[in-house]
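All remarks here apply to the structure that follows.
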2 protein chains.
Amino acid sequence: MSRTTMGAPNLGWTDPECPVARTLDLVGDRWSLLVVRDAMDGARSFTEFQRRTGIARNILADRLRKLTAHGLLAQRAAPTGRRQEYVLTDAGRDLFPVILTLRQWGERHAFAPGETHSTLVDQHGIPVPEIAPTSADGTLLDADTTHVQKTR
Amino acid sequence: MSRTTMGAPNLGWTDPECPVARTLDLVGDRWSLLVVRDAMDGARSFTEFQRRTGIARNILADRLRKLTAHGLLAQRAAPTGRRQEYVLTDAGRDLFPVILTLRQWGERHAFAPGETHSTLVDQHGIPVPEIAPTSADGTLLDADTTHVQKTR
DNA sequence: CCGATGAGTTGCGAATTGAAACCATTGTGC
DNA sequence: GCACAATGGTTTCAATTCGCAACTCATCGG
């Protein structure tokens, strides 16, 4: 036993119908998405995650365990040396749009007008355009023009 | 004074350069985004938020206070009666892409193959298409084809 | 005026965090 | 081959935060 009884999200209890709630059950805490962000940005080792995020080591160990358990991260032998390293799985990499929209919201609303911040750019160094949700026919969508359809 | 000393996110300290971190400082806890989700889905009153999310009342009071303080929600007099109600500000509504990508990730990865879940549809009842980040020239982008450019 | 709601607040025990110290393995320079 | 540093965690313990239930104040509906 002795899994250290340390849990992040309570895990499995919020409105089980809603995909948003399900996702937040997995990554809806202060750190998980920052870990994923750093993994996308090249972090692989425990120490590297710790250094980049500044998260407490015990919490980091717990989050890495959890993200791995839920299939967002995987551990594999590092190419060089025989230490283990953490890499994003397909599901983990698929959080890219989530991180991107969080980033873009932050750029729009969490910085003072002239304040500088890092930017996301593509291979050519060109800034990534802002994401705009559209319907099948191409019109812009927002909270007012959409609604949740309960499964029946 | 006595602001009840109840805080959600520690507020203001993670890598202040990164927009993702800034955003998560505001809404990166277990509940804030669910409150926003419900606000987008029509919730306006304390009780309604409480009923939909199942969140503890003291925590809800704290989150509403915080979201309001940070300008994601605003309180205004309800059209009927003279009770107050909470409504999303422009910044709050602008979290739509975040909620949407969380939802779409959940639909792809947090449900067993045949399992049912609610769906987001537009005015015509047509399901909202999946968001795909693209670069300026239209190619698909992901974690491998983009990188953060540090501000210098 | 009376009971029912709505909107929070308060008190508390339980669970989660964070900081720092500690430890067992590799790695490494010499 | 060895002393020494770095890695990857674990343990401990105090400080926060959470969740629950009970309680308070309006206001509402008759």
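Predicted, not measured: the structure shown is a model, and the values here were computed from it. Here is the naming used below: chain letters follow the sequence lines, and residue numbers restart at 1 for every chain.
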Any side-chain heavy atom of B/L120 sitting closer than 4.5 Å to one from B/Q104?
-> no
Does the side chain of B/R93 come within less than 4.5 Å of B/L72's, by heavy atoms?
-> no
Should the ring pair B/Y86 and B/F49 be called parallel, tilted or perpendicular, given that the plane angle runs from 0 to 90° and is split at 30 and 60?
-> perpendicular
With respect to the phosphate group of [N], does any side-chain polar atom (N or O) of [X] fall under 4.0 Å of OP1 or OP2?
{"X": "B/Y86", "N": "C/dG8", "answer": "yes"}
{"X": "B/R63", "N": "D/dT17", "answer": "no"}
{"X": "A/R65", "N": "D/dT10", "answer": "yes"}

Nearest-nucleotide pick for [X], side chain only, options being [options]:
{"X": "B/R57", "options": "C/dA7, C/dA19, D/dG19", "answer": "C/dA7"}
{"X": "A/N58", "options": "D/dT12, D/dA22, C/dT17", "answer": "D/dT12"}
{"X": "A/R83", "options": "D/dA6, D/dG9, D/dC28", "answer": "D/dA6"}
{"X": "B/W31", "options": "D/dG8, C/dA7, D/dG19", "answer": "D/dG19"}

Close residues, residues 40-52 of chain A, relative to DNA chain D [heavy-atom separation under 4.0 Å] | A/S45, A/F46, A/T47
Side-chain polar contacts of residues 35-42 of chain B - donor-acceptor pairs under 3.5 angstrom, sequence neighbours left out - could you list them?
none

If you measure from the Lys or Arg side-chain nitrogens to the Asp or Glu carboxylate oxygens, is any gap between A/E48 and A/R44 under 4.0 Å?
-> no
Within the side chain of A/T23, is there an N or O that forms a donor-acceptor pair under 3.5 Å with the backbone of B/G106?
-> yes
Separation of D/dT17 atom P from A/D29 atom CG, nearest Å, is 15 Å
